[in-house]
Amino acid sequence: MTWAPGDVVVHHEVWLDRVWAARPLVVVEDTPDRLLFWLPAGTVRKVPMTPPHREDPGDRTARIIDLLERGDWVHVEQVWDVSCLWILRPGDWHAVWASWLPTGERYGWYVNLQRPFRRTAIGIESMDLALDVVATPDRVWWWKDADEFDQLVDRGVFDAATGERVRAEAADVIRRLEGNEPPFGEDWDSWRPDPAWATPRLPAGWDDLPA
Ligand SMILES: [Mg+2]
């Protein structure tokens with residue numbers, strides 16, 4: 001099954017057999033080599049939050065670790081703030097996001113370390129693995145959430161093999177980023193979303209585990 005440009009699909013993140021997070025994405029390209037999705041600023045997504053009967057740890061990192069460890073969360077809505085093009089290749093333990101400012105200028109790169117995606121009946125499933133690499137359009141990069149990732153591995157929430165796999169993947173992506181290899185060296189400055197694409201919305205049933 002392939003999707004057509006403009007189709008709206010759901011990206012599910014799943015942890016301990018429950019939906020961790022969900023967001024709608026607009027299909028840009030669907031080929032055997034890669035998937036491209038558009039996630040415009042203003043898109044409403046569902047993110048995990050501390051249930052009301054527990055005290056919230058207060059800061060985001062402590063909350064994420066607590067929720068992943070306990071396997072118990074509720075969902076709240078959050079509005080996405082930076083328009084991104086997602087670039088995913090089958091088997092990769094990361095996604096590359098190219099981002100734009102509201103003016104249409106390139107904002108930068110975001111490499112999201114995550115489990116390889118699998119196709120579902122209504123989109124794709126993967127799981128965020130905390131660690132990120134952020135870079136300017138001209139590829140000056142820095143780590144994001146490295147401390148959160150280290151804590152998750154140290155506490156065994158992410159097992160040691162996953163920790164090693166993610167660190168190796170990050171090192172490889174940084175090498176490709178520094179070498180301006182695809183997708184980094186492609187011409188994204190002139191890429192624009194189809195103006196006919198509306199802000200995508202999650203369908204009813206987004207909180208069911210994807211088939
Ligand atoms: Mg992160």
Side-chain angles (χ1 to χ4, degrees), residues 10-16 18-25 35 37-41 43-50 56-89 92-100 107-118 123-137 139-177 183-184:
V10 179
H11 171 235
H12 278 107
E13 295 184 79
V14 174
W15 184 250
L16 301 176
R18 284 189 57 209
V19 173
W20 169 256
R23 75 192 93 197
L25 298 167
L35 289 173
F37 298 111
W38 177 237
L39 175 60
T43 301
V44 175
R45 62 178 182 147
K46 300 282 185 174
V47 297
M49 180 54 69
T50 305
D56 185 74
D59 82 281
R60 198 199 66 94
T61 294
R63 177 186 307 130
I64 296 291
I65 292 170
D66 184 61
L67 297 180
L68 288 170
E69 218 162 29
R70 290 173 185 268
D72 180 31
W73 57 84
V74 294
H75 290 110
V76 294
E77 293 193 340
Q78 193 177 76
V79 179
W80 189 251
D81 57 356
V82 180
S83 293
C84 294
L85 180 72
W86 283 23
I87 305 164
L88 296 104
R89 299 188 307 183
D92 276 355
W93 281 63
H94 73 277
V96 175
W97 305 349
S99 57
W100 283 264
Y107 181 51
W109 298 103
Y110 196 103
V111 177
N112 198 63
L113 280 301
Q114 60 188 44
R115 289 196 177 280
F117 75 82
R118 76 169 181 94
I124 59 165
E125 177 195 323
S126 65
M127 179 62 199
D128 187 77
L129 294 170
L131 188 63
D132 309 292
V133 177
V134 187
T136 61
R139 295 173 289 108
V140 176
W141 66 267
W142 59 96
W143 296 108
K144 180 173 173 286
D145 299 337
D147 175 59
E148 176 183 322
F149 174 74
D150 289 346
Q151 287 188 57
L152 285 162
V153 176
D154 288 348
R155 296 164 80 117
V157 180
F158 295 161
D159 63 34
T162 299
E164 285 309 302
R165 186 68 190 80
V166 168
R167 288 189 176 107
E169 184 88 358
D172 189 56
V173 183
I174 289 165
R175 181 188 59 72
R176 287 170 41 215
L177 175 79
F184 304 104

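Counting convention: from 1, in listed order, for ligands and their atoms alike.
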Is the shortest side-chain N to carboxylate O distance from Asp159 to Arg165 below 4.0 Å?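 Salt bridge absent between Asp159 and Arg165.
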Salt bridge between Glu77 and Arg45, side-chain N to carboxylate O under 4.0 Å? no
With sequence neighbours excluded, tell me which residues meet ring pair (Phe, Tyr, Trp, His ring centres under 6.0 Å) with His12.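 Result, ring pair (Phe, Tyr, Trp, His ring centres under 6.0 Å) vs His12: none returned.
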For Tyr110, I'd like to know if atom OH has over 12 heavy atoms of other residues, nucleotides or ligands within 6.0 Å.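 Enclosed: over 12 neighbouring heavy atoms sit under 6.0 Å from OH of Tyr110.
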Decide whether a cation-pi geometry holds between Arg139 and Trp109; the criteria are a distance under 6.0 Å from NZ or CZ to the six-membered ring centre and an angle within 45° of the ring axis.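 Not satisfied by the 6.0 Å and 45° rule.
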Parallel, tilted or perpendicular: which fits the ring planes of Trp20 and Trp73, with parallel below 30° and perpendicular above 60°? perpendicular
Sphere of radius 2.8 Å around the Mg ion (ligand 1) - protein N, O or S atoms inside: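 Listed by chain and number, the atoms are Ala130 O, Asp132 OD2, Asp145 OD2.
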